[in-house]
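A quick write-up on the structure given underneath.
We number each residue from 1, following the sequence as shown.
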Amino acid sequence: MKALNKETAVKVVRPERIIQFGEGNFLRCFVDWIISNMNEKTDFNSSVVVVQPIDKGMIDMINAQDGLYHVNLQGLEKGEVINSYRLIDVISRCLNPYTEYQSYLSLAEQPEMRFVISNTTEAGIAFDPACRLEDTPPSSYPAKLTQLLYHRYKFFNGAMDKGLIIFPCELIFLNGHKLKETIYQYIELWNLGEEFKTWFEQACGVYATLVDRIVPGFPRKTINEIKEHLGYDDNLVVQGEAFHLWVIEAPESVAAEFPANKAGLNVLFVPSEKPYHERKVTLLNGTHTILSPITYLSGIDIVRDACKDEVIGKYIRKAMYEELMQTLNLPEDELKAFAASVLERFENPFVDHQVTSIMLNAFPKFTARDLPSVKEYLSRKGELPYGIVLGLAALIVYYKGGKRADGAEIVPNDAPEIVEYVKNAWTLSDPHAVAEKVLAADFVWEENLNNIPGLTDMVADMLKGIEEKGMYEMVKEYVK
């Protein structure tokens with residue numbers, strides 16, 4: 001079997017135009033895969049310099065393969081089973097700023113550099129006042145970026161055509177806004193001056209983005225078979241689902257420089273990320289949160305099997321299309337197309353997604369993902385959304401613990417105070433008292449949900465029904 005490097009595989013040399021903070025599975029399976037497609041299908045013609053954001057990482061492995069690796073995409077796409085491989089050749093080199101500081105800083109001196117892309121985890125975009133301009137390098141990502149931008153500003157004497165376009169991919173709502181605010185904090189802390197601040201504001205752009213692709217990562221269980229299939233000893237294979245979406249809150253002028261649409265990619269440049277964030281949280285995450293306890297209490301463990309079940313599958317579709325979707329503000333055809341892609345992701349034949357894993361910290365998840373839909377549906381329709389509330393009732397039953405009908409142990413996994421509170425509520429005498437007690441937990445919901453008209457009575461009736469008839473029968477009544 002051949003080693004994978006530029007001697008054994010074709011690697012095109014392209015101009016270094018992108019600095020990428022982060023070398024992990026997600027960026028390599030998502031952003032670098034997108035850039036690979038753009039290079040192939042448009043005149044983008046760009047390569048990526050990867051900067052390791054912390055002192056320890058995997059850039060040595062990537063450099064050993066000359067930046068080459070394969071992306072294996074698996075899933076359903078418009079009903080077709082996808083199991084594809086693509087050789088990614090966009091990474092020109094990787095740098096560790098902790099051991100190669102001058103090489104890292106000199107990236108700012110390259111005139112063709114145009115983009116900065118990052119994924120430094122949710123905690124990566126944070127202000128650390130201990131960081132100094134003189135650090136080699138500073139510890140936080142925004143401090144590193146500010147240092148790099150300031151060096152570029154000085155090196156090119158404030159030239160307005162040498163600004164950078166910055167796309168953070170951290171999983172934070174309005175991540176670009178947060179990153180920009182943090183850079184301003186460093187400009188002030190380090191006294192970098194009004195002229196640099198003006199250059200940053202006018203020559204550079206920091207844009208909020210929403211990224212969406214499930215990336216399981218390195219396929220340890222099947223790597224030997226994959227290597228045999230590829231004919232390369234690739235130790236950097238990364239697996240991801242076929243679906244991808246990148247929403248970027250930026251003007252058309254930025255889209256013209258980053259022509260993902262010309263490559264047929266699901267990359268949207270929009271005036272506001274917010275409605276797309278709400279769409280994802282509601283239709284993907286919100287559906288996950290309510291289907292999971294209902295599915296588990298019905299004796300089904302895998303999301304895909306739930307979708308294929310005659311009764312639970314109908315519940316998922318009905319709650320998604322007739323309730324959750326009705327609370328959103330995008331055009332109906334866009335929402336239906338996204339919902340169809342969500343269902344295909346749920347039915348991915350390559351992923352055994354355990355519903356119990358989705359129920360980790362399920363009460364806070366319901367608060368963030370589904371409670372807004374309960375209120376919005378009530379406001380728009382004048383009634384409560386039965387299917388979403390049924391998911392809430394199922395959660396309350398699941399958190400009771402004990403065993404389900406087939407004897408499987410029910411083990412809620414949430415903050416101990418939440419689990420204990422719900423179990424204590426179940427010591428009360430009747431379902432209405434249980435519902436009232438749980439819905440009053442403002443430390444969970446950030447309000448008293450008994451104040452939502454009709455909710456207490458509906459949840460109480462559902463708790464009684466689940467206890468007497470069973471979860472599956474309750475769902476049957478909803479979907480008939």
Identify the heavy atoms of Pro216 and Ile214 that sit nearest to each other, and give their distance.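 Between these two residues, the closest heavy atoms are CD-O, 3.5 Å.
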
Looking only at the side chains, is there a donor atom on one of [X] and [Y] sitting less than 3.5 Å from an acceptor on the other?
X: Asn72; Y: Gln239; answer: yes
X: Tyr472; Y: Asp309; answer: yes
X: Asp55; Y: Asn96; answer: no
X: Ser292; Y: Tyr398; answer: no

Inter-residue atom distance [X].[atom1] - [Y].[atom2], 0.5 Å rounding:
X: Ile91; Y: Glu23; atom1: CD1; atom2: CD; answer: 9.0 Å
X: Ile316; Y: Cys307; atom1: CD1; atom2: SG; answer: 4.0 Å
X: Leu73; Y: His244; atom1: CG; atom2: NE2; answer: 9.5 Å

Treating [X] as the side-chain partner and [Y] as the backbone partner, does any N or O pair qualify as donor plus acceptor under 3.5 Å?
X: Asp128; Y: Ser140; value: no
X: Gln326; Y: Tyr321; value: yes
X: Glu278; Y: Leu328; value: no
X: Thr209; Y: Pro168; value: yes
X: Arg28; Y: Tyr69; value: no

Given the options Thr282, Val281, Leu283, Arg279 meets side chain to side chain contact (heavy atoms under 4.5 Å, CB included) only with Leu283

| message | With a 6.0 Å cut-off on the ring centroids, do Phe346 and His288 count as close? | response | yes

Salt bridge between Lys464 and Glu467, side-chain N to carboxylate O under 4.0 Å?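 Glu467 and Lys464: not salt-bridged.
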
* To do: For the pair Lys469 and Glu477, find out whether any cationic side-chain nitrogen is under 4.0 Å from an anionic carboxylate oxygen.
  =>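 A salt bridge is present here (some side-chain N lies under 4.0 Å from a carboxylate O).
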
Q) Counting only heavy atoms not in Lys274, do more than 12 fall under 6.0 Å of its NZ? A) no

Does [X] reach the side chain of [Y], with side-chain heavy atoms less than 4.5 Å apart?
X: Phe26; Y: Val211; result: yes
X: Val247; Y: Lys280; result: no
X: Arg132; Y: Pro138; result: no
X: Lys336; Y: Met325; result: yes
X: Trp246; Y: Cys169; result: yes
X: Pro275; Y: Asn329; result: no
X: Leu449; Y: Glu447; result: yes
X: Phe366; Y: Trp445; result: yes

- Message: Tell me whether the NZ or CZ atom of Lys318 lies within the 45° cone about the ring axis of Tyr478 and under 6.0 Å from its centre.
- Response: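 Output yes; distance and angle both within limits.
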
Take the angle between the ring planes of Phe21 and Tyr104 and call it parallel below 30°, perpendicular above 60°, tilted in between.
perpendicular

Exercise for review: Could you tell me how the ring of His229 sits relative to the ring of Tyr85: parallel (under 30°), tilted (30 to 60°) or perpendicular (over 60°)?
Suggested key: tilted

Run the side-chain contact (heavy atoms from CB on, under 4.5 Å) test on Gln354 and Ile302 for me, step by step, so that the C-alpha distance in whole Å, both residues' side-chain angles and the decisive distance to 0.1 Å come before the verdict. CA-CA 5 Å; Gln354 299 280 341; Ile302 304 294; 3.4 Å; yes

